**Q** 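Pasting a structure here, questions to come.
We use all heavy atoms of the structure for the numbers below, so side chains are in, but hydrogens, waters and symmetry mates are not. These numbers come from a predicted model, not from an experiment. Position 1 is the first residue of the sequence, and the numbers go up from there. Counting convention: from 1, in listed order, for ligands and their atoms alike.
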Amino acid sequence: MKIPFIMTPGPTQVNERVRAAMAREATNPDLDASFFEFYKASCEKLKKIYNTEEDVLILGGEGILGLEAACASLIEEGDRVLCIDNGIYGKGFGDFAKIYGAEVVFFTGDYRRAIDVEKLEEFLKEDHDFKLATFVHCETPSGLTNPAGEIGELLNKYDILSIVDSVSSLGGEELEVDKWGLDLVISGSQKCISSPPGLTFVSVSKRAWETMENRKTPIASFYANLLIWKNWYRDKLFPYTQLSNNIYGNDVAFDILLEEGDYVKRHKEIAEMVRYSLISAGLELYPIEGHANTVTTILVPEGISFKDIYNTMLDEHNIMIAGAFEDLDGKVFRIGHMGENCYEEKLYITLKALDTTLKSLGADIKGSIHQYFARD
Ligand SMILES: *Cc1c(COP(=O)(O)O)cnc(C)c1O
């Protein structure tokens with residue numbers, strides 16, 4: 001099987017060191033005392049990436065498990081939940097909240113811009129009787145990053161707990177969980193962390209633990225119950241068998257980021273270069289404002305189809321890019337520059353192939369996309 005060069009916004013390419021670590025000899029993670037220490041040490045690394053001193057968990061499951069577990073664990077029947085929505089994932093949070101009985105109120109922003117914090121503040125002045133709010137840090141389908149720090153501070157002003165989807169921002173965007181006062185911040189292994197899909201991460205504030213402990217009704221789930229994790233280290237007991245080899249690989253992925261240090265800067269610089277090159281060539285980006293540093297979403301030029309771009313990139317260049325779904329289906333294409341994908345040479349190869357592809361399909365490209373990139 002020929003493996004394409006994946007430049008999708010997750011899953012990303014996986015470093016050889018991570019793949020080698022996944023092949024480590026397996027232990028019994030339920031019984032081997034050293035595995036508990038290993039897991040704890042890996043959580044310490046994750047805390048550094050989250051910028052938190054609070055508890056963090058590494059759960060066996062894809063990012064969606066983390067999002068659903070956050071809702072299942074905090075929400076009780078009839079709770080008022082504010083769903084801050086300016087994209088597909090932001091809106092989808094409302095559905096999770098409803099499953100667990102929330103009365104959901106939407107604050108809907110412009111889908112092509114980051115959340116307008118002033119407008120949110122005006123909204124909250126009128127109505128702030130919410131137990132919690134959900135929002136997405138980076139809206140991966142549209143390529144937008146929301147000002148999570150300002151939103152967090154605003155929610156704290158009104159004592160509203162926060163559930164934050166940082167699946168595609170952790171490790172690529174600035175994220176200060178403690179400084180910004182965020183309660184449950186969810187991420188995953190296959191985006192900027194760049195280990196294979198299979199793990200989801202959650203940071204849990206003290207308030208969030210207390211809220212779970214003081215519920216009137218039990219959490220209506222087992223796998224999506226965060227509270228059963230509270231004392232895993234004290235009791236040396238995991239709620240279920242851990243995905244040990246995923247965790248081995250993922251731990252090395254944490255190391256790679258931490259060894260580098262300023263990975264946010266790398267993402268910022270590459271993202272700016274990518275946007276500059278595309279815009280210089282006459283292409284239009286989907287976001288008008290609030291562009292993400294981990295993914296770029298581009299409008300499909302008039303007269304050509306997404307399918308043709310995708311297929312030509314794959315068939316002629318062996319490079320896999322992505323489209324998007326729901327309302328954006330067929331209208332945009334996306335290049336992921338997160339984690340392991342976010343290196344100059346990988347973007348150069350991708351943009352060069354894109355330049356050839358778009359020109360062969362008859363798009364009106366000014367100059368050469370990759371040359372703008374190389375000269376920037
Ligand atoms: C990738 C991603 C998730 C995880 O969900 P999948 O659709 O299953 O990949 C959740 N939230 C955001 C913002 C993501 O980018």
**Q** With a 3.5 Å distance limit and no angle check, can you tell me whether Q242 reaches the backbone of Y240 through a side-chain donor-acceptor pair?
**A**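 Judged by distance alone, yes, a pair lies under 3.5 Å.
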**Q** Cut-off 3.5 Å, side chains only: do Y100 and E68 have a donor facing an acceptor?
**A**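 There is such a pair between these side chains.
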**Q** Does a donor on one side chain and an acceptor on the other come within less than 3.5 Å for E76 and T217?
**A** yes
**Q** Looking at N51 and L175, would you say the former's side chain and the latter's main chain have a donor-acceptor pair under 3.5 Å?
**A**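 It does hold such a pair.
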**Q** Under 6.0 Å between ring centres: does that hold for F333 and F306?
**A** no
**Q** Does this structure show an ion pair linking K265 with E272, if we count only N-O contacts that are shorter than 4.0 Å?
**A** no
**Q** Provide, line by line, the atom pairs where ligand 1 and the protein bring an N/O atom each to a distance under 3.5 Å; else say none.
**A**
from: ligand 1; atom 1: 5 (O); to: E62; atom 2: OE2; distance (Å): 3.3
from: ligand 1; atom 1: 7 (O); to: Y89; atom 2: OH; distance (Å): 2.7
from: ligand 1; atom 1: 8 (O); to: E62; atom 2: OE1; distance (Å): 3.0
from: ligand 1; atom 1: 8 (O); to: E62; atom 2: OE2; distance (Å): 3.0
from: ligand 1; atom 1: 9 (O); to: E62; atom 2: OE2; distance (Å): 3.1
from: ligand 1; atom 1: 11 (N); to: D165; atom 2: OD1; distance (Å): 3.3
from: ligand 1; atom 1: 11 (N); to: D165; atom 2: OD2; distance (Å): 2.6
from: ligand 1; atom 1: 15 (O); to: T140; atom 2: OG1; distance (Å): 2.3
from: ligand 1; atom 1: 15 (O); to: K191; atom 2: NZ; distance (Å): 2.7

